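The structure appears below as structure tokens.
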Amino acid sequence: MMEWVTTLFDSRLFMRINAILGFVFLGLFVYYYFSKEGQDERGRRLIAEASLIAYAALFIILNLFAYAVPWCMDNTVRMANGLQLCYTLFLFIADVALWILRKIR
């Protein structure tokens, strides 16, 4: 299992795919921010709540990533993949939280 993770994190293709996913998730969040629904008072509140949830998740993600830093420092591509994965997960959680909050309220 660890060999598979090492091979995945050493891959530049994984880094590109991860970066593209990060930009897609960022684009979805920004799209909602500038949409008609995101401009009213309810939309602003949903964006604020989703951002707070994502911020709390970022705190947890980066604290977990701190344990992997010695392993990631063996290779620069591995380190870049680790940081990009943290960013992509942060944006994914923000988008999912926003989607769930939109459905609940």
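Bear in mind that the values here come from a model prediction, so they are computed numbers and not experimental data. We count residues from 1, following the sequence as given.
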Q) Is there a donor-acceptor pair under 3.5 Å between the side chain of Arg78 and the backbone N or O of Met73? A)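 Between the backbone of Met73 and the side chain of Arg78 there is no qualifying donor-acceptor contact (under 3.5 Å).
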Q. Does Asn18 use its side chain to pair, donor to acceptor, with the backbone of Phe14 at less than 3.5 Å?
A.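 Judged by distance alone, no pair lies under 3.5 Å.
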Heavy-atom side-chain contact between [X] and [Y] under 4.5 Å:
X: Phe23; Y: Leu91; value: no
X: Trp71; Y: Thr6; value: yes
X: Phe65; Y: Leu85; value: no
X: Asp74; Y: Met79; value: no
X: Tyr32; Y: Asp95; value: no

Q: On the 0 to 90° scale, with breaks at 30° and 60°, tag the Phe92-Phe25 ring pair as parallel, tilted or perpendicular.
A: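 Tilted: the ring planes of Phe92 and Phe25 meet at 30° to 60°.
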Distance from [X] atom [atom1] to [Y] atom [atom2], nearest 0.5 Å?
X: Ser51; Y: Leu58; atom1: OG; atom2: CG; answer: 11.5 Å
X: Cys72; Y: Leu83; atom1: SG; atom2: CG; answer: 7.5 Å
X: Arg16; Y: Leu21; atom1: CZ; atom2: CG; answer: 14.5 Å
X: Leu26; Y: Phe90; atom1: CG; atom2: CZ; answer: 9.5 Å
X: Leu46; Y: Asp40; atom1: CG; atom2: CG; answer: 8.5 Å

Over all heavy atoms of both residues, which pair between [X] and [Y] is shortest? Give the atoms and the distance, please.
X: Gln39; Y: Tyr33; result: NE2-O, 2.9 Å
X: Ala57; Y: Ile93; result: CB-CD1, 3.6 Å
X: Ile61; Y: Cys86; result: CG2-SG, 3.6 Å
X: Ser11; Y: Asn81; result: O-ND2, 3.2 Å
X: Leu101; Y: Ala50; result: CD1-N, 3.7 Å

[X]-[Y] co-clustered via ILVMFWY side chain contacts under 4.5 Å:
X: Val77; Y: Ile17; result: no
X: Leu52; Y: Leu89; result: no
X: Phe34; Y: Leu98; result: yes
X: Leu8; Y: Met2; result: yes
X: Met15; Y: Leu13; result: no

Q | Set of side-chain hydrogen bond (donor to acceptor under 3.5 Å, both in side chains) partners for Asn75, sequence neighbours left out | A |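 For Asn75, the residues satisfying side-chain hydrogen bond (donor to acceptor under 3.5 Å, both in side chains) (neighbours in sequence not counted) are Asp10.
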Q | Partners meeting side-chain hydrogen bond (donor to acceptor under 3.5 Å, both in side chains) with Glu37 (sequence neighbours left out) | A |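 Residues passing side-chain hydrogen bond (donor to acceptor under 3.5 Å, both in side chains) with Glu37: Arg42, Arg102.
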**Q.** Verdict with supporting geometry, Leu28 and Trp99, side chain to side chain contact (heavy atoms under 4.5 Å, CB included)
**A.** CA-CA 10 Å; Leu28 289 173; Trp99 179 71; over 6 Å; no
Q.
Is a donor from one side chain sitting under 3.5 angstrom from an acceptor on the other, for Thr88 and Gln84?
A.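 Result is yes, a qualifying pair exists.
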Q: Give a yes or no on whether a salt bridge exists between Glu49 and Arg45, defined as a side-chain N under 4.0 angstrom from a carboxylate O.
A: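 Yes, this pair counts.
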